S.K.: 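Structure in structure tokens, see below.
A quick note: this is a predicted structure, and the numbers were derived from the prediction, not measured.
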Amino acid sequence: MKKNIFYHSTRGNKEKKLSSEAIVYGIADDGGLFIPTEIPKIKADYNQLKELDYNELAYRIMKEYFTDFSEVELKDCIKKAYNEKFDTNIITPLEKKMGVYFLELFHGPTLAFKDMALSILPYLLQISLKKLNLNKEIVILTATSGDTGKAALEGFANVPGTKIIVFFPQEGVSEIQKRQMLTQKGENTYVIGISGNFDDAQRGVKEIFENQTFKKKAERRNMILSSANSINIGRLVPQIVYYFYAYLKMLKENDIKAGEKINIVVPTGNFGNILAAYYAGKMGLPVKKLICASNDNKVLADFFKTGIYDRRRELIMTISPSMDILISSNLERLLSVASHGKADQINKIMNDLNGRGFYQIDPDIKKEFSDFYGECAIQEEAIQSIREVFKESEYLMDPHTAVGYAVYQKYLSKTKDITKTVIVATASPFKFTKSVMGAVDEKYKEFDDFELIEKMANLLQNPVPIGIKDIKKKSILHKAVCNKEKIKEKLAEILF
């Protein structure tokens, strides 16, 4: 008999929710994040699992979490998500270069890893609404540091019964990322630039979720507020799949033996992507080290070294904007697991972060992080990595992947650990042409982001990805801008 997995808040509300409820509501009433009551184990033989294609493996993993979905329902969601919209049947290729394995998560329609989860979330949400007999409009609120916004817009555009509203830092994304969002079609899509950074946008959206008056006003108009950020468990769980897929691909190619441990390097700002790798490890994936790679905004790297999370610093704008974050929402889920579900500790930590700007974890919690290694690479080191890797192997990394590679080199130098290692390649270099091409050769610095699209295609002898082909010629459809203090007012203007 199938065992149900339920979800409850990190902050003490022990009311158990089905996965469909957690997906629809996104965040718990007490402001906490939904976590599973237990992390399921994968008991199958890896030598059998390695024969599965991506969709088959996705079902094998997701069914362990979404236990109130039928086999037909879940397989239908997966089939609609991972199809010809990806430019490769493999979905997530694994490229061996420079002695490491690059797990390419950017072959979806918006050229970033966010497609891996946001391609399926709309379908999970639609079925969840039916299961709960909710005949209401879902309003998806999303803060983005560049990639989530476009992926969410792409996933939810013209989906019946939904609105998708994206807030992004006006000066905190690449020109191509910005153009991807501002040219998004769809009668139900809204894109608003804010005068602030990603943390401001994320804080504004979370405050709306925690504002009971605002939520009740929406409910009176037959609306439910939900999220497409990785605070939504429906976005986090699909990300677990590709870590298993990478391992099984290595196993199938005889690069590792069944049970052999690997290292995984994840360039991260909001902690969702590496948290999915942590969940994979807890499910049984043989992982030795999870290497958390930060850019100049090294709040996470500092945390894993010291046990102190301190956001009291100036946000540094870099060429890896999706990592320009000082408040990593998903870390709360890891802290909840590490504290063995002690909600009083989580509440104190979150109150300290909001009130004092920092917190320090107890030594007994810090001991639970032995699987993690935190390090940072500053912008110059990322640029140098892009240049060196391309020169040596003709493999072109985006600035976020370059941070991961640079951090791994530091880890290797310090530990001499020769464990086979996967580096998560989170975005296509085509999304960051100015910084990437400038790193390859100084001569490209005289061209703008859009001119460099064709030049990058020529350099790589590859066609321009469909997702950004002729993007400069597309009409700007979204022109709204607001102060960071006016996010709630702007949202009310749209909804009410």
Side-chain angles (χ1 to χ4, degrees), residues 10-11 31-33 143 145 169 172 196-207 210 229-231 265-275 277-278 289-339 342-382 400 403-404 406-407 410-411 414 484-485:
T10 51
R11 299 192 190 176
L33 305 186
S145 52
N197 56 45
F198 170 75
D199 286 332
D200 296 321
Q202 180 170 249
R203 189 182 302 111
V205 168
K206 285 197 77 175
E207 285 173 358
E210 293 168 9
N229 285 93
S230 54
I231 57 175
V265 183
V266 187
T268 188
N270 215 14
F271 206 72
N273 208 10
I274 196 167
L275 181 68
Y278 173 77
K289 279 292 178 187
L290 292 170
I291 301 171
C292 180
S294 299
N295 66 2
D296 305 60
N297 297 290
K298 55 192 181 76
V299 63
L300 283 170
D302 289 347
F303 170 73
F304 283 112
K305 289 176 180 178
T306 66
I308 299 171
Y309 192 101
D310 193 344
R311 65 173 175 84
R312 298 171 302 174
R313 61 187 81 187
E314 185 178 348
L315 185 76
I316 301 168
M317 309 303 284
T318 73
I319 60 170
S320 48
S322 294
M323 300 167 71
D324 293 344
I325 296 170
L326 294 180
I327 303 174
S328 303
S329 288
N330 271 289
L331 190 58
E332 182 173 339
R333 284 188 167 114
L334 178 66
L335 291 168
S336 183
V337 175
S339 67
K342 293 176 182 173
D344 56 336
Q345 291 189 25
I346 302 304
N347 279 298
K348 183 183 184 306
I349 284 170
M350 292 300 110
N351 288 335
D352 283 347
L353 183 62
N354 292 331
R356 302 165 67 193
F358 76 100
Y359 60 79
Q360 182 168 3
I361 57 173
D362 294 336
D364 59 329
I365 295 181
K366 193 173 187 298
K367 281 191 299 186
E368 297 291 326
F369 298 151
S370 58
D371 293 344
F372 286 89
Y373 178 92
E375 187 54 88
C376 72
I378 63 171
Q379 183 160 295
E380 260 321 303
E381 292 170 322
H400 305 80
V403 168
V407 163
K410 290 183 178 184
Y411 171 81
K414 184 175 180 179
K484 61 185 180 182
E485 297 84 5

S.K.: Go through Asn295 and Asp324 one step at a time and tell me if the side-chain hydrogen bond (donor to acceptor under 3.5 Å, both in side chains) criterion holds.
M.R.: CA-CA 8 Å; Asn295 66 2; Asp324 293 344; 2.9 Å; yes
S.K.: Does Lys289, at its NZ atom, have more than 12 non-hydrogen atoms belonging to other residues, nucleotides or ligands within less than 6.0 Å?
M.R.: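 Above 12, so yes.
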S.K.: When rounded to the nearest 0.5 angstrom, what is the spacing between CZ in Phe358 and CZ in Phe303?
M.R.: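 With rounding to 0.5 Å, CZ (Phe358) is 13.5 Å from CZ (Phe303).
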S.K.: Do any N or O atoms from the side chain of Asn197 and from the backbone of Asp199 form a donor-acceptor pair under 3.5 angstrom?
M.R.: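 Yes.
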S.K.: For Glu380, is the CD atom crowded, meaning more than 12 foreign heavy atoms sit under 6.0 Å from it?
M.R.: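 Count not over threshold, so no.
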S.K.: Quick one: CD1 on Ile361 to NZ on Lys366, what's the gap to the nearest 0.5 Å?
M.R.: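 The CD1 atom of Ile361 sits 6.5 Å away from the NZ atom of Lys366.
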S.K.: For Asn330 and Ser230: C-alpha separation, side-chain torsions, deciding distance, then whether side-chain hydrogen bond (donor to acceptor under 3.5 Å, both in side chains) applies.
M.R.: CA-CA 7 Å; Asn330 271 289; Ser230 54; 2.7 Å; yes
S.K.: Taking Asp200 first and then Arg203, would you say they form a salt bridge - that is, a charged N and a carboxylate O separated by under 4.0 Å?
M.R.: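 Result for this pair is yes, salt bridge flagged.
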S.K.: I'd like to know whether Phe372 forms a side-chain contact (heavy atoms from CB on, under 4.5 Å) with Leu334, so could you lay out the CA-CA distance, the side-chain angles of the two residues, the decisive distance to 0.1 Å, and finally the verdict.
M.R.: CA-CA 11 Å; Phe372 286 89; Leu334 178 66; 4.0 Å; yes
S.K.: Hey, is Asp310 close enough to Arg356 for a salt bridge, meaning N to O under 4.0 Å?
M.R.: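 Salt bridge between Asp310 and Arg356, a charged N being under 4.0 Å from a carboxylate O: no.
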S.K.: Once rounded to the nearest 0.5 Å, what's the spacing between atom CZ of Phe198 and atom CD1 of Ile325?
M.R.: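 Between Phe198 CZ and Ile325 CD1, I get 4.5 Å after rounding to 0.5 Å.
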S.K.: Identify the two heavy atoms, one from Cys292 and one from Thr268, that lie closest to each other, and give their separation to 0.1 Å.
M.R.: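 Heavy atoms of Cys292 and Thr268 come nearest at SG-CG2, 3.6 Å.
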S.K.: Would a 4.5 Å heavy-atom cut-off, applied to side chains only, mark Arg313 and Leu326 as touching?
M.R.: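 Yes, close enough: below the 4.5 Å cut-off.
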S.K.: Assess whether a salt bridge exists between Lys414 and Glu375, defined as any Lys/Arg side-chain N lying under 4.0 Å from an Asp/Glu carboxylate O.
M.R.: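 No, Lys414 and Glu375 are not salt-bridged.
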S.K.: Over all heavy atoms of both residues, which pair between Gly172 and Pro321 is shortest? Give the atoms and the distance, please.
M.R.: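 Answer, listing the atom of Gly172 first, then Pro321: O-CB, 3.2 Å.
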S.K.: Just verifying a value: how many Å separate Arg11 CZ and Met350 CE, rounded to the nearest 0.5 Å?
M.R.: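 Spacing of CZ (Arg11) from CE (Met350) equals 6.0 Å.
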S.K.: Might you point out which heavy atoms bring Ser329 and Lys206 nearest each other, and give the distance in Å?
M.R.: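 For Ser329 versus Lys206, the nearest heavy atoms are OG-CD, 4.1 Å.
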S.K.: Can you see which heavy atom on Gly32 is nearest to which on Thr10, and at what distance?
M.R.: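 Smallest heavy-atom distance, with atoms named: CA-OG1, 3.5 Å.
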S.K.: Can you find a pair of side-chain heavy atoms, one from Tyr278 and one from Arg333, that are under 4.5 Å apart?
M.R.: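 Side chain of Tyr278 against side chain of Arg333, heavy atoms only: no contact under 4.5 Å found.
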S.K.: Take atom NZ of Lys410 as the centre, draw a 6.0 Å sphere, and report whether it contains more than 12 heavy atoms from other residues, nucleotides or ligands.
M.R.: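 Counting other residues, nucleotides and ligands, NZ of Lys410 exceeds 12 neighbours.
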S.K.: Short question: side chain of Gln379, backbone of Ile319 - any donor-acceptor pair under 3.5 Å?
M.R.: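 Yes.
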S.K.: Please confirm whether Phe304 and Phe369 have ring centers closer than 6.0 angstrom.
M.R.: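 Ring-ring flag for Phe304/Phe369: true, centres closer than 6.0 Å.
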S.K.: Any side-chain heavy atom of Asp352 within less than 4.5 Å of one from Gln360?
M.R.: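 Answer no - side chains too far apart.
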S.K.: Do Arg311 side-chain atoms and Leu353 backbone N/O form a donor-acceptor pair below 3.5 Å?
M.R.: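 Here the side-chain-to-backbone pair exists.
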S.K.: Salt bridge or not for Lys348 and Asp344, using N-O below 4.0 Å?
M.R.: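 No, Lys348 and Asp344 are not salt-bridged.
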S.K.: Walk me through it: do Gln345 and Ser339 pass the test side-chain hydrogen bond (donor to acceptor under 3.5 Å, both in side chains)?
M.R.: CA-CA 7 Å; Gln345 291 189 25; Ser339 67; 4.8 Å; no
S.K.: Do side-chain atoms of Glu381 reach the backbone of Ile378 as a donor and acceptor pair under 3.5 angstrom?
M.R.: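 Yes, Glu381 side chain to Ile378 backbone: donor-acceptor pair under 3.5 Å.
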S.K.: I'd like to know whether Leu300 forms a side-chain contact (heavy atoms from CB on, under 4.5 Å) with Tyr309, so could you lay out the CA-CA distance, the side-chain angles of the two residues, the decisive distance to 0.1 Å, and finally the verdict.
M.R.: CA-CA 7 Å; Leu300 283 170; Tyr309 192 101; 4.1 Å; yes
S.K.: Looking at every heavy atom in both Asn297 and Thr318, which two are closest together, and how far apart are they?
M.R.: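 Heavy-atom minimum between the residues: ND2-CG2, 4.2 Å.
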S.K.: Assess the residue pair Asp302 and Ile308 against the criterion (side-chain contact (heavy atoms from CB on, under 4.5 Å)); give the C-alpha distance rounded to whole Å, side-chain angles, the decisive distance to 0.1 Å, and a yes or no.
M.R.: CA-CA 7 Å; Asp302 289 347; Ile308 299 171; over 6 Å; no
S.K.: For the atom pair CD1 (Ile327) and CZ (Phe271), what is the distance rounded to the nearest 0.5 Å?
M.R.: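 Result: 15.5 Å between the selected atoms.
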S.K.: So which atom in Ser294 and which in Ala301 form the shortest heavy-atom distance, rounded to 0.1 Å?
M.R.: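 Looking at all heavy atoms of both residues, the closest pair is OG-N, 3.3 Å.
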S.K.: Using 0.5 Å steps for rounding, measure from the CE atom of Met323 to the CG atom of Asp296.
M.R.: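 It is 9.0 Å, given to the nearest 0.5 Å.
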